[in-house]
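To start, the structure itself, in structure tokens.
Counting from 1, the numbers follow the sequence of the chain as shown. Keep in mind that what you see is a predicted model, and the values were worked out from it rather than measured.
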Amino acid sequence: NYTLNMDRTLPNILVTGTPGTGKTTTSEMIAEATGLQHVNVGDIVKSKQLHEGYLEEFDTHVLDEDKLLDELEELLKDGGKVVDFHTCEIFPERWFDLVLVLRADTSSLYDRMVKRGYNKRKIDENMECEIMQVVLETAHESYAPEIVVELTSNTVDDMESNVDRVKQWLDAWKINNSK
Ligand code: ADP
Ligand code: MN
């Protein structure tokens, strides 16, 4: 049971999307621009070994969700975090004040994954995930509609305007939540 202090003095933002849509780059830019702290969930899973094993067939690790949620609960309870992860449905809804779903054109995404050296299977999987809007639909199923925002992330200009938008949102949040 993950109870959190709902009176956090700074909000938590989730940045989600298909691998390669720009979550980590955008989260770092948001952190830089706002002073919020970037939490790269994939890195935590790796460094703290929060997985239960490896699925050879899918070239992916099985998350130890309970351990991961315990770990993150501690980090997020005071607010002020930008959480970066490709999966959005495992977290309690009340953890986040804003959920950003990054979207990229298939050509941009394809080039980025080739550059990353992903194998064909992983590229195909992620391309299908993006085309079918899997993360966007999952975000809509998991969070209140008013906090889910879809953001285009094809170009550096897109990223910069996305970061500006978050800055403005944060300023408004601070005004609305000041005591
Ligand atoms: P994710 O964390 O979602 O997997 P990254 O932030 O690691 O994605 O981005 C993957 C690659 O694509 C990086 O090389 C990054 O510089 C590039 N990239 C991401 N978003 C954009 C964008 N909006 N415009 C140009 N390049 C981008
Ligand atoms: Mn990343």
Check your understanding: Should we say atom CD of E32 is surrounded by more than 12 heavy atoms from elsewhere, each under 6.0 Å from it?
Key ->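 Counting neighbours around CD of E32, 12 or fewer heavy atoms of other residues, nucleotides or ligands fall under 6.0 Å, so no.
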Check your understanding: Would you find more than 12 non-hydrogen atoms of other residues, nucleotides or ligands less than 6.0 Å from Y110 atom OH?
Key ->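 No, OH of Y110 has 12 or fewer neighbouring heavy atoms, counting only those of other groups under 6.0 Å.
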Looking at [X] and [Y], would you say the former's side chain and the latter's main chain have a donor-acceptor pair under 3.5 Å?
{"X": "T155", "Y": "D158", "value": "yes"}
{"X": "D84", "Y": "V15", "value": "no"}
{"X": "T26", "Y": "K23", "value": "no"}
{"X": "N162", "Y": "T152", "value": "yes"}

Exercise for review: Take F96 and C88, measure what side-chain contact (heavy atoms from CB on, under 4.5 Å) needs, and give me the verdict at the end.
Suggested key: CA-CA 11 Å; F96 298 105; C88 65; over 6 Å; no
**Study point:** Remaining members of hydrophobic cluster (4.5 Å side-chain criterion), V134
**Key:**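 V134 shares its hydrophobic cluster with M132.
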Practice item. Determine whether V135 and M127 fall in the same hydrophobic cluster, where Ile, Leu, Val, Met, Phe, Trp and Tyr are linked whenever their side-chain heavy atoms lie under 4.5 Å apart. Key: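 Each belongs to a different hydrophobic cluster.
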**Study point:** Between CD1 on residue I123 and CZ on residue R116, distance to nearest 0.5 Å
**Key:**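 Atom-to-atom, I123:CD1 and R116:CZ are 11.0 Å apart.
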What side-chain donor-acceptor pairs closer than 3.5 Å can you find for residues 98-109, not counting sequence neighbours?
| residue | atom | partner | partner atom | Å |
| --- | --- | --- | --- | --- |
| R103 | NE | E130 | OE2 | 2.8 |
| R103 | NH1 | Q133 | OE1 | 3.0 |
| R103 | NH1 | E150 | OE2 | 2.8 |
| R103 | NH2 | E130 | O | 3.0 |
| D105 | OD2 | N154 | ND2 | 3.3 |

Practice item. Just jot down the side-chain contact (heavy atoms from CB on, under 4.5 Å) partners of T34, sequence neighbours excluded, or say none. Key: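 For T34, the residues satisfying side-chain contact (heavy atoms from CB on, under 4.5 Å) (neighbours in sequence not counted) are I30, L36, K167, L170.
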